[in-house]
Amino acid sequence: MSGGGFVRLPGGSVVVALTLPSPTAEGHKVRVLVHSVNRARALTRLRNLGLRAVYLRGNAHPPTLDEITAVLHHPDGLLWRTAPQETVELWHPIRALLRPVRPDAARA
């Protein structure tokens with residue numbers, strides 16, 4: 001089950017934060033931030049990227065002020081980093097998480 005929450009901004013848009021299992025590393029979790037017009041649109045953006053089983057149930061873990069600032073200053077409005085935050089790690093664009101794994105071309 002993913003933990004998450006949302007914050008409605010003064011302009012009417014929302015920032016949704018979800019903690020999800022990592023699609024690339026078994027047993028790891030990632031914190032994903034989405035800035036969108038509403039909660040439904042934010043979840044649809046994630047589902048369209050291939051994260052099909054994404055749901056927001058409740059508001060137990062809303063985004064922090066630092067997370068809101070990070071996602072508002074990113075042009076795509078979609079960011080992620082590993083969770084729980086054990087080291088100092090910067091936010092990454094969502095395409096870095098969902099990038100297909102390519103075999104090493106140097107070996108061939």
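Just so we're clear, the structure is a prediction, and the values are computed from it rather than from any experiment.
In this structure, the separation between OG1 on Thr82 and CD on Glu89 is 3.5 Å, given to the nearest 0.5 Å. Expressed to the nearest 0.5 Å, how far NE2 of His35 lies from OG of Ser13 amounts to 3.0 Å. Atoms CZ and CG, from Phe6 and Leu56 in turn, are 7.0 Å apart once rounded to the nearest 0.5 Å. Asn48 CG to Arg41 CZ: the interatomic distance, rounded to the nearest 0.5 Å, is 10.0 Å. A distance of 12.0 Å separates NE2 in His74 from CG in Leu72, rounded to the nearest 0.5 Å. Here the OG1-NZ distance, from Thr19 to Lys29, works out to 7.5 Å after rounding to the nearest 0.5 Å.
None of Val32, Thr44, Leu46, Leu49 except one satisfies the side chain to side chain contact (heavy atoms under 4.5 Å, CB included) rule with Val54; the exception is Leu46. For the side chain to side chain contact (heavy atoms under 4.5 Å, CB included) test with Trp80, the passing option among Leu33, Val30, Leu18 is Val30; the others fail.
Minimum heavy-atom separation, Arg31 to His61: NH2-O, 3.2 Å. In plain terms, the two heavy atoms of Ala17 and Glu67 that are nearest each other are CB-OE1, 4.3 Å.
When side chains are defined from C-beta on, Val37 does not count as touching Val14, because their heavy atoms never get closer than 4.5 Å. Under the 4.5 Å side-chain criterion, counting only non-hydrogen atoms from C-beta, Arg45 is in contact with Ser36.
With hydrophobic clusters built from ILVMFWY side chains whose heavy atoms lie under 4.5 angstrom apart, Trp91 shares a cluster with Val7. Hydrophobic clustering, with ILVMFWY side chains joined whenever heavy atoms are under 4.5 angstrom apart, groups Ile94 together with Val34. Leu43 and Leu79 end up in different hydrophobic clusters when Ile, Leu, Val, Met, Phe, Trp and Tyr side chains are linked at under 4.5 Å. No chain of hydrophobic side-chain contacts below 4.5 Å, direct or via other Ile, Leu, Val, Met, Phe, Trp or Tyr residues, connects Val16 to Val71.
A salt bridge (charged side-chain N to carboxylate O under 4.0 Å, His left out) check over residues 10-23, counting only residues at least two apart or in different chains, returns nothing.
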